[in-house]
Every structure is written in C-alpha cells, then in structure tokens.
Amino acid sequence: MKIATYNVNGVNGRLPVLIKWLKEAKPDIVCLQELKTPDEKFPQESLEAIGYNAIWHGQKSWNGVAILTKNGCAVEAIYKGLPGDPEDIQSRYIEAKINGIIIACLYLPNGNPAPGPKFDYKMAWYKRLLTKARRLIKKGTPVILVGDYNTVPTELDAHKPERWVNDAVFFPEPRAAFQKLLKQGWIDAIRTLYPEEKLFTYWDYFANAFKRNAGIRMDHFLLSPDLKDFLSGGGVDKHVRAWEKTSDHAPVWIEITDQ
DNA sequence: ATGGCATTTAAAAAATGA
C-alpha cells in the first residue's frame, strides 16, 4: 500500500497539479495539507472523477487538511481537530482508520515570526500532539502520524542549516519536540530508508531555491513500531516541484507491505 | 538585516507562509 503526503498550498489553485500527480503516482492514501478553502469549496467531485474519495477538515483562506483514499478503501473512525484546546479553531488535524491502519494527517503551525505568539502556539500545539501521539502508540494498532511538521529535525535535513537558524522551523524547541516523538517510539520512515542522504521536501519559491536544491525536509511519516518491518520503500516525488503552478512542497510517499 | 515569491480574499492591498 502506497501512502503519500503533500502540502498542496491551496487545493483549488493547485488542482491541475494535484490531479496530474495523482494519476501518475497512483497512491492508495494521500494526506493533504494547506487546503486554503472552506469546506463547501473542497473539490470533491473532481477527485471522485479520478477515483478518490475524501474526508476533509477545512476553513476559509488558511490551513485545512484532508485524506484521500482510492475507491474501495475502508474508512472508519474519523476525527477532526487535535484535542486539548477547545479555543483552537485552526483546521490542522484529521484522523481516520483506513484499511486497518490509523492515519493521522497533520499540519503543524509554522511558528514564525519567532519568538512570539505564533511560536508559542506552535509549541502548545506540539505539546497537544505529544499527548495525542502517546495515546495512539499505546493502542497497539498500527498508526502513521504523517504530514507537514514545519520542523527540520537535524542539520542533515537542510541544504544550508545556517540559513534557517532564525526560522521557527529550525529553532531548538520544535526540534526537541520532534525528538520527543521519536523517544516515544515513533519511527521517522524516510530517514530510516535513507540514513545519510540529504533529502528535501520543501524549496523556497524565491532565489532559484529549487534549481540550487536549496531545500529542507519538513514533511514526515512517523510510524508506530509495529509497522517497522513492513516499510518497504519510499521517496520524494521531487520532479513535481518543477511543474507549472506547483506547490513549494513536493509529494512524499512510503510503501507499506501487507501485514 | 531584508527580501526574494505565491497564495487567499476581494477588488487594492493586507495577511500568511517558511
């Protein structure tokens, strides 16, 4: 089973790119972030026309997450929103059990400018995620925590780490929080597959960042330990970043063999 | 230290992202 994550940066504005990639990559499950659309404008019909069902959790203008599944996938136990703060109205979390695996699709706050209230919100969100993740990993069900973490875990995950030292994606606090997730037992799937490679999932639109491969790795698959032996492949669909009207992120995918 | 670009909303320019 092929599972992908893609920060589309506007699901309607990028719909031709998303559809072109779906037809080419044929993933079974896709986690999307940054829909930037109210729920009623989610392009459900266009996606169903090419064989994908969807569940989504959107809001006007900003944020928004969705999970696409190929027709025939069994989707149950759907939850929208990350628990822990009833005041939080930002759409950044959606979870469902799909073909027996719990898929949690997340869009972690960016946190810039840092320090400041947006950075405080990022770290508060991380704290809630750590609580949720601990509960999920104790369930004994296979779980994948996947999405845009807005976190560059180590220096290996940046083309030029010094360019990011004043950015919230590279601050020590989110990096420490990401390490806390790993200490809970979660497995960074892409880093496990490519232990020493400089692999990126995001490149700035400006300064020719993509052509210079001046990227960072921020989109991650965290697997519950019981899935480790079933991880059989993965990668970044980097070429999609070169398409017209494309997102600043590229799709990332993994392959999980039948358990 | 700043801005480079691109989105959304909405009708110009602001807010947001990373």
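The chains referred to below are lettered A, B, ... by the order of the sequence lines, with proteins before strands, and numbering in each begins at 1.
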Will you find, in the side chains of A/D88 and A/Y121, an N or O donor that is under 3.5 Å from an N or O acceptor? yes
Side chain of A/N9: nearest nucleotide among B/dT7, B/dT8, B/dA18? B/dT7
Whole angstroms only, please: what is the CD-P distance between A/E244 and B/dA6? 10 Å
Mind calculating the distance between CG (A/N208) and P (B/dA6) to the nearest angstrom? 11 Å
To the nearest angstrom, the CD-C1' distance between A/Q59 and B/dT7 comes to 14 Å
Rounded to whole Å, please give me the gap between CG in A/N7 and C1' in B/dA6. 13 Å
Whole Å only: how far is the CG atom of A/D148 from the P atom of B/dT16? 18 Å
Comparing A/Q90 with A/R163, nearest DNA chain B nucleotide closer to 5' gives the residue A/R163
Work out how far the P atom of B/dT2 is from that of B/dA12, and round it to whole angstrom. 30 Å
I'd like to know if the side chain of A/D167 and the backbone of A/N112 have a donor-acceptor N/O pair within less than 3.5 Å. no
Report yes or no: is the cationic atom of A/R217 (NZ for Lys, CZ for Arg) closer than 6.0 Å to the six-membered ring centre of A/F200, at no more than 45° off its axis? no
If you measure from the Lys or Arg side-chain nitrogens to the Asp or Glu carboxylate oxygens, is any gap between A/K80 and A/D39 under 4.0 Å? no
Ignoring backbone atoms, test whether A/K118 places a side-chain nitrogen or oxygen under 4.0 Å from the OP1 or OP2 oxygen of B/dG17. yes
Would you tell me if any nitrogen or oxygen in the side chain of A/K122 comes within less than 4.0 Å of OP1 or OP2 on B/dA18? no
For nucleotides B/dT16 and B/dA10, find the distance between their C1' atoms and express it as a whole number of Å. 16 Å
Quick check: on DNA chain B, is the nucleotide nearest A/A207 upstream (toward 5') of the one nearest A/K36, or the reverse? Name the residue that is more 5'. A/A207
Can you check whether A/W203 and A/F210 have ring centres sitting under 6.0 Å from each other? yes
Of B/dT9, B/dA6, B/dA18, the nucleotide closest to the side chain of A/R14 is B/dA6
Rounding to 0.5 Å, atoms CG (A/N12) and CG (A/L18) come to a distance of 10.0 Å
Selection from B/dA18, B/dT7, B/dG17 that lies nearest to any side-chain heavy atom of A/R92: B/dG17
Quick one: is A/N150 getting a side-chain N or O under 4.0 Å of the B/dA18 phosphate, OP1 or OP2? yes
N or O in side chain of A/Y107 less than 4.0 angstrom from B/dA18 OP1/OP2: yes
Whole angstroms only, please: what is the CD1-C1' distance between A/I216 and B/dA18? 6 Å
Proximal nucleotide (of B/dA18, B/dT9, B/dA6) relative to the A/P38 side chain: B/dT9
Can you tell me if the side-chain N/O atoms of A/K245 get under 4.0 Å from OP1 or OP2 in B/dT7? yes
Considering only the C1' atoms, how many Å lie between B/dA13 and B/dA1, rounded to the nearest integer? 25 Å
Rounded to whole angstrom units, what separation is found between the CG atom of A/N63 and the C1' atom of B/dT7? 13 Å
Check every strand shown and say whether A/F170 touches a base, only sugar-phosphate, or nothing at a heavy-atom separation below 4.0 Å. nothing
Provide, to the nearest angstrom, the distance between the CZ atom belonging to A/F206 and the C1' atom belonging to B/dG4. 6 Å
